[in-house]
Amino acid sequence: MTLPAVVAFGALCHVATASAAQPASGIPDLTGAWVRVDETGSGSFDNLAAGFPQASLTPPYAERLERERKAGPRTGAWDPNKKYQNGEAYVVTAGTCGFPGGIEPNSAAFHIVQDRDQVVIVRENPGLGRNIYMDGRPHPDLRRFVPTATGHSVGRYEDGALVFETIGLTPGNVPAGGYRTPETVLVERYSLSPDGNRLTMRYTFTDPKIYTKPHTFEIVAERGLPRQLAFEWYCDAADPQQSQGVAPPKQE
Amino acid sequence: MAFAIKKLVRASLRAAGVATALSLALPAQAAAPGASFDPRNISGFWELPYDGRNIPQADLQPSITPAVIAAQAAKDANSRRWCYFIGMPMAMESPRPIDIRQSAHEVLVNFETRATPRHIYLDRKENMVLDDYDLTSTGDSVGHWEGNTFVVTTVGIDGNKGLTLLPGGGFRTTDSKLTERYRLANNGNALIVTFTWEDPKVFKTPHTYAYRYTRAPKFYEVQTPLDCDPLDKERVEFFTNPPSAK
């Protein structure tokens, strides 16, 4: 056995003792804690998505969302697309401490775990985890799928990025003036910076009944500290104060 | 010489890449009877069947009287009433399959019920010192492999959060320590987990019981979660009032 072969065999043995789920060459190592950073946001606390490219809606949806915007949030809950006035109160939670879910990360850290068959994304605050199936399965027939806040996702690795497609989302607002339904197709592309510490998440919503062109925006997250713990955002539904409205800070 | 070293490194990396790619190309689900499986890969969806529990009676301290247990049960009832996160260990008894995902840095256990995910860290050997840790319903868990057994120790489970009564008797407190041992069986189609609780204030001797999970079908898909609405009056009345024979 030549020296290179010996070293190669050693490396082979070393890898064999590592986790079977360890990402292979060309697969980005996304596992770990991530924190959203909004360095190109709106410049205020009004609406983090204000600086994103605004959705280009079809006339029926433009009219519908305008009507809803004028009517205000149905429950008084925080509306990500509304520009709040100084001192204007909004409800932080609906009071049930339920699973708000959601696609885009919010201010809480989120954690990604990759294995061969699935990529899982969980938040530190209540919300549905995202299960991204990597085993080649197709999407289900939407007639037999109960929509959820995170839908049904299937993914693959492409040019060093995680690319996944989601359908089956519950109807609701999308950042930067968009909207979604179960038929809306969302494609996300997660790309790592060369040093592995910065994650760019590109979201593209496509739905001909809603958008005149695909609605795309990006959110960036930074990798958490080494050995960063996952906190638990504990919500006490028995505490009457947790569902009270609060006034956002004065904005200069 | 430098060229030779570079060539050596390239050869090593190629071999490493091949090895990893091979490991990734292994079949995801357990093999058919008689075929091989990776005894150190517990990733998958796991169901707890009706015959999946082996629970001896706990050996409780004399101070753990029926009145103490009743008081603890009342706390648990309040947690259930307000839909608090279930926490450990009852989250592991989910009526839905639990999702275990094993990466190089951590093992994640996720649930389709009112429970927060468990993060079992592989990159440190010791649990957090409790003075430096914000207690949670699932605690701080670290894991390592002993042969083909995945050993997990957990501390820092908040004694005031979630469901605290333990299978076999007794309850957990903030000072309890849990050791779990995970081992694949039946050609990778079963996952046996032993749970050992140590808490001298509650147990005379460590309390050990075991669950035997079975692997869910290959293309199992996560369902709409079993949520819990604390403001649903009908739901609250259901379990706060004694059942009527009418």
Side-chain angles (χ1 to χ4, degrees), chain A residues 3-5 7-16 18-27 29 31-32 94-99 111-120 122 124 126 128-129 131 133 135 137 140 145-148 150 152 226-227 229-238, chain B residues 4 7-9 11-21 23-26 28-29 38 40-41 43-44 78 81-85 99 101-108 110 114 116-117 119 121-124 128 133-134 136-138 140 161 218-219 221-225 227-231:
Chain A
L3 183 57
V7 175
F9 180 73
L12 193 71
C13 293
H14 171 74
V15 170
S19 165
Q22 203 162 357
S25 174
I27 297 179
D29 183 4
T31 294
T96 65
C97 298
F99 291 122
H111 299 255
I112 301 178
V113 170
Q114 295 164 276
D115 83 356
R116 186 175 40 203
D117 297 335
Q118 210 185 111
V119 176
V120 182
V122 293
E124 288 186 357
L128 297 181
N131 300 83
Y133 301 107
D135 53 7
R137 75 180 67 185
F145 184 78
V146 179
T148 68
T150 52
H152 185 274
R227 298 184 178 181
L229 291 174
F231 287 96
E232 183 177 70
W233 189 91
Y234 201 82
C235 181
D236 184 353
Chain B
K7 192 175 172 185
L8 203 65
V9 170
S12 306
L13 291 175
R14 270 199 303 275
V18 167
T20 313
S23 72
L24 286 163
L26 285 171
Q29 299 297 313
D38 181 354
R40 294 178 62 156
N41 185 357
S43 281
N78 187 62
R81 157 68 184 87
W82 288 104
C83 302
Y84 294 157
F85 295 138
D99 188 10
R101 295 295 146 189
Q102 182 174 331
S103 76
H105 311 293
E106 72 168 84
V107 173
L108 182 87
N110 207 8
R114 188 85 162 187
T116 50
H119 298 265
Y121 297 104
L122 306 176
D123 51 6
R124 61 184 157 92
M128 293 292 293
Y133 182 70
D134 287 336
T136 67
S137 64
T138 52
D140 174 59
K161 286 180 178 171
K218 178 175 172 60
F219 289 118
E221 299 211 340
V222 172
Q223 307 294 305
T224 306
D227 204 357
C228 175
D229 183 355
L231 307 183

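Chain letters run A, B, ... following the sequence lines, proteins first and then strands; every chain starts at 1.
- Taking T138(B), V222(B), D140(B), V107(B) one by one and counting their heavy-atom pairs under 4.5 Å with chain A, the maximum is reached by V222(B).
- From S43(B), atom OG reaches atom CZ of R116(A) across 7.5 Å, with rounding to the nearest 0.5 Å.
- For chain A, no part of Q223(B) is nearby; none of its heavy atoms comes within less than 4.5 Å.
- Put simply, the side chain of R227(A) gets close to the backbone of D123(B): a donor and an acceptor are under 3.5 Å apart.
- Between chain B and the options V120(A), V113(A), V146(A), heavy-atom pairs under 4.5 Å are most frequent for V113(A).
- Remark: the D115(A) side chain and the S103(B) side chain contain no N/O donor-acceptor pair separated by less than 3.5 Å.
- For the ring pair (Phe, Tyr, Trp, His ring centres under 6.0 Å) test, residues two or more places apart in sequence or in another chain that qualify with H152(A) are Y133(A), H139(A), F145(A).
- T31(A) and E106(B) form no side-chain donor-acceptor contact under 3.5 Å, judged by distance and modelled atom types alone.
- For the pair R137(A) and K218(B), the minimum side-chain heavy-atom distance is 4.5 Å or more.
- Note: L229(A) leads T148(A), L229(A), N131(A) in heavy-atom pairs under 4.5 Å with chain B.
- Separation of atoms OG1 (T136(B)) and CD (E124(A)) is listed at 11.0 Å; rounding is to 0.5 Å.
- Your options are M128(B), H119(B), E221(B), and the one with the most heavy-atom pairs under 4.5 Å with chain A is E221(B).
- Neither the backbone nor the side chain of N78(B) comes within less than 4.5 Å of any heavy atom of chain A.
- With sequence neighbours left out, H105(B) forms a ring pair (Phe, Tyr, Trp, His ring centres under 6.0 Å) with no residue at all.
- Within the 4.5 angstrom heavy-atom criterion, only side-chain atoms of Y121(B), from C-beta onward, approach chain A.
- Within the 3.5 Å criterion, the main-chain N or O of R101(B) finds no donor-acceptor partner in the side chain of Q118(A).
- The two residues W233(A) and F85(B) make their nearest non-hydrogen contact at O-CE1, 3.5 Å.
- Rounding to the nearest 0.5 Å places CG of N110(B) at 9.5 Å from CG of L128(A).
- Heavy-atom contacts from other residues, nucleotides or ligands closer than 6.0 Å to CZ of F231(A) number 12 or fewer.
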